[in-house]
Number of protein chains: 2
Amino acid sequence: MQENAIIRAVTSIDVARAAGVSQSAVSRAFSPGSSISARTKQKVLAAAASLGYRPNRIPAIMLSGRSYMVGVVIGGLENPFYATALERLATALQESGLQVLLMHVDDALTLDSALDRLVSYRIDAIVTSLAIGSKSVVQALSQLRLPVVCFNSSHVGPWISTVNSNNHGAGLVAAHLLGQRGVQRPLWLAGPVRNSASRARGKGFCQGLRVAGLAPALTRMQGNDTYDSGYDAIACLRKQGIRPDGIFSSNDMMACGAIDALRECMDLQCPRDVVIMGYDNIPQAAWRSYDLTSFDQHTEHMVARAMELLDEALGTKDSPLSRTYIVDAQLIERGSTGSGQ
Amino acid sequence: MQENAIIRAVTSIDVARAAGVSQSAVSRAFSPGSSISARTKQKVLAAAASLGYRPNRIPAIMLSGRSYMVGVVIGGLENPFYATALERLATALQESGLQVLLMHVDDALTLDSALDRLVSYRIDAIVTSLAIGSKSVVQALSQLRLPVVCFNSSHVGPWISTVNSNNHGAGLVAAHLLGQRGVQRPLWLAGPVRNSASRARGKGFCQGLRVAGLAPALTRMQGNDTYDSGYDAIACLRKQGIRPDGIFSSNDMMACGAIDALRECMDLQCPRDVVIMGYDNIPQAAWRSYDLTSFDQHTEHMVARAMELLDEALGTKDSPLSRTYIVDAQLIERGSTGSGQ
DNA sequence: TTGTAGGCGTTATCAA
DNA sequence: TTGATAACGCCTACAA
C-alpha cells in the first residue's frame, strides 16, 4: 500500500524471491516452450502478477545482439500515400514480432545523424520510403553493415535491397491510354528532380508517347509532388497559352491541384476537355470532386515483399543481401479519363 | 580486407585494445564533458573510426533505467490530420533527444498486448492520439506506472496527462457563425460515438444553437470520421427530404464527403445554398474543390504542451503526474461559409 | 587524467 | 525439472 516505496522497476530477482524459486525459473516461466513444471510456472506467474513484474527485453538484446527493432526512416507524411504505407508497414512489422523505431527526416541531409541514433539502439535492420537520391547516402547505408530495405529507390549497393513500383511500365500504360483517348497535346507533370521513381515514370511516359507518335507535342512541367505545385503548373501554362488535353501526373496530389486549376484558371472540365491521370491512388483520388484515374502501387504487395527481404536478410546475418523486387502498379480507371462509373 | 571475418559488432573493448587504452577511456571519448586528454581522445576516435565502432546505447539503458524511447501509440493514419500530427510529434521528440517506438493499433482492443510489448522495451513514457474511450484502457495505462500523455481524450487518471483541443468552445463558435449566416436548418454531423472530442464538439454546438434559438431545428447525423460517412449522411438526408442550410461536421474528412454529396445528390452549392464547416484544418480543406472553413487544432501548440508534460513527468519520476491542457482551436474561414478570398 | 572493478537484468550453459 | 554461474557491453565509482 506504500506507493512511495517503489523506486525501481520490479525485476526477476524480486519475483524469484517472492515465489521462492530461482531467477532461472522466472525466466523460464516467461519463455514459451522452456522446460518448467506447471506448478512452478503458476507460482512464478502469481508472484509476478502480485508484484506487477513486467519482463525486460533490454538485457536479452545485449545477450543475443538482436533487438527485434527495425529502424523505419520516413518523411513526407503529409502525402496520404506515405501515411497509409507507413500504417501498413508498421502493421506488418508488428505482426512479425518486430518493433518500429521511427525516424522522421525532413531531408536527406539530416539522415546521417538520424542513422547514428538508430544504430546506437542496435536495430536489426532499416526500412525507408525515402527517395534515396545521392550516392553518398547509399554509401552511408552500406557502411552500417545492416540490412536496408528501400521503397522506390534506384540506387543499389551491398546490404541494400529495394522494392520498386513498376514506374517505367506504368508510364508506358499511361501514354497508351492517353493515345486511346485521342489526346493531341500531352503534358507530363514531373515530380521532384531527385525522385528516381518520378524520373522512371516520365521516361516510360515519353517512350510510350513516341510509340503513339505523340512525343513531339509533349509539354513538361516541373512540380514537387504537392497539391500547390500541380495547381501552379497549370496556372503557369495558362499564362503561356498552352492548353493540354491529356495529363499524366507523377503523383495524385499534383493531379488534384491540376484538376482544380484546370477548372478555375482555364475553365476546362475533366474528362470533357482534358483527361488526367495520377499515381499512388490516394484516398482523395476517389473523392467525387476529383474522381481521378490513378496507378495503385499495391502497397500491401510491396510491404509483403519488403517483409520477405527482411526475413531473409535477418536470417543470413553478416552477409550483405542485395535484391530488387518490381511490383506492377494497377491502373484504376475513374472519371478523369472518361471511364467513370 | 577480410569482410567475412567480421562476425559480431565492434565493441568498446575492441577499440580500447586497438588504441592501447582502457575501456573507460573509450567511454569517456564518446561522452561529452568527461575528463579526458585531447591526445587520448584523438587516439580513441581514430581507432574507433578505423574499426567502424558505433556506441551501443543498450547497456546504458540497463544501467540508468532510462531508454530515451517514448512509445507512440497511434491509429487512423488515413486521416491526414493524424498523419501530420504524428510527423510533428516525432520531430519534437527527436529534437528532445527522444526516440519514437511506434505502435500502430487498429482498435483499442489490441491495445493491451501492444502496451506489454512497449513496456518490455523499457520505454520512458507513452504518447497516444487514440481516442481513449473506455475506463478499462485508462486503468491499464495507469497500472503501467509510466507517464502517459493523451491527445483529445476525456478520461483522466494517475500518470495520465492530456492535451485537448477546446472542442466545446469551438462548437459554440461554430453555432454562432452559422447563426450569423442566417442558417435556419442546422445539421450536426457527428463523429464516432466513442470519440469524446466529437461529443464535446457536438455539445458545444447544441449549446450555441440554443443561444441562437436554432436548437429546435437541429438535425443530427451519425458518421464515423470518414469521407464516405459524410457523403452517405447527406445522401441519406435527401431520401428523408431534409435540406440543411448550415452544417457543422466533427471533422474535415466527413465535411468533404458532405460537400460532394450536396453537389451530386442535392444539387446544392456551398456557400450559396448551404454553409459548412469542419474540424482539423487538414490540407484538403484548403484544396479549391472544397475551400472548407475549419477549426485548426494547432498541433504545433498541442505537441509543445505534450513535450512540456513529458519533460516534467520524466523529471519527477515515480510520482504520477496528471494534468490537462486545453488549447483553443482557431477558426479558419474559407469559402464554404461565404468568407472566401 | 587514467585504469580497475563492479554491476545493470536477463538468458544460456552446465551440473545436479 | 531445477539452480548456480557466466556472459552480454557499457558506465560509474574508486583508486592510482
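When reading the values below, keep in mind they use all heavy atoms of this one structure, side chains included, and skip hydrogens, waters and symmetry mates. A quick note: this is a predicted structure, and the numbers were derived from the prediction, not measured. Throughout, protein chains are lettered first and strands after them, A, B, ... in sequence-line order, and every chain is numbered starting at 1.
- The interatomic distance linking A/Tyr121 (OH) with D/dG9 (C1') rounds to 15 Å, in whole Å.
- Checked by atom type, the side-chain pair B/Ser27/B/Ser24 shows no donor-acceptor distance below 3.5 Å.
- A search for side-chain contact (heavy atoms from CB on, under 4.5 Å) contacts involving A/Asn79 returns A/Phe81, A/Tyr82, A/Asn251, A/Met253, A/Asp280, A/Ile282, not counting sequence neighbours.
- Going from atom NZ of A/Lys43 over to atom C1' of D/dT2 covers 11 Å, rounded to whole Å.
- Taking atom CZ of residue A/Arg122 and atom C1' of nucleotide C/dT10, one finds them 18 Å apart after rounding to whole Å.
- Across C/dG3, D/dC10, C/dT10, the shortest atom-to-atom separation from the side chain of A/Asn56 is found for C/dT10.
- Contacts of B/Ala60 classified as side-chain contact (heavy atoms from CB on, under 4.5 Å), with partners at least two apart in sequence or in another chain: none.
- With C/dC8, C/dT2, D/dC11 as the candidates, the nucleotide lying closest to the side chain of B/Met62 is C/dC8.
- Rounded to whole Å, the distance from CZ on B/Arg54 to P on D/dG9 is 17 Å.
- Considering OH of B/Tyr121 and CG of A/Leu101, their distance stands at 10.0 Å, rounded to 0.5 Å.
- Phosphate proximity of D/dG9 to B/Tyr53: absent, as no side-chain N or O sits under 4.0 Å from OP1 or OP2.
- In the displayed structure, A/His301 atom NE2 is contacted under 6.0 Å by at most 12 heavy atoms of other residues, nucleotides or ligands.
- Under 4.0 angstrom from either OP1 or OP2 of D/dT2 there lies at least one side-chain N or O belonging to A/Thr40.
- Between A/Ser12 and the phosphate of C/dG9, there is no side-chain N or O to OP1/OP2 separation shorter than 4.0 Å.
- Under 4.0 angstrom from either OP1 or OP2 of C/dT1 there lies at least one side-chain N or O belonging to B/Ser35.
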Nucleotides 4-7 of chain D: which of its N/O atoms have a protein N/O under 3.5 Å away?
{"from": "D/dA4", "atom 1": "N7", "to": "A/Ser24", "atom 2": "OG", "distance (Å)": "3.4"}
{"from": "D/dA4", "atom 1": "N6", "to": "A/Ser24", "atom 2": "OG", "distance (Å)": "2.9"}

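- The separation between A/Lys41 atom NZ and D/dG3 atom P is 16 Å, rounded to whole Å.
- Between the CD1 atom of A/Ile61 and the C1' atom of C/dC8 there is a distance of 14 Å, given to the nearest Å.
- With rounding to whole Å, B/Ile13 atom CD1 is found 12 Å from D/dC11 atom P.
- One interatomic measurement links the two molecules: CD1 of B/Ile36 to C1' of D/dC11, which rounds to 14 Å at whole-angstrom precision.
- A donor-acceptor pair is defined here as one N or O able to donate and one able to accept, closer than 3.5 Å; such a pair exists between the side chain of A/Ser67 and the backbone of A/Arg122.
- When only modelled atom types and interatomic distance are considered, A/Thr84 and B/Glu78 share no side-chain donor-acceptor pair under 3.5 Å.
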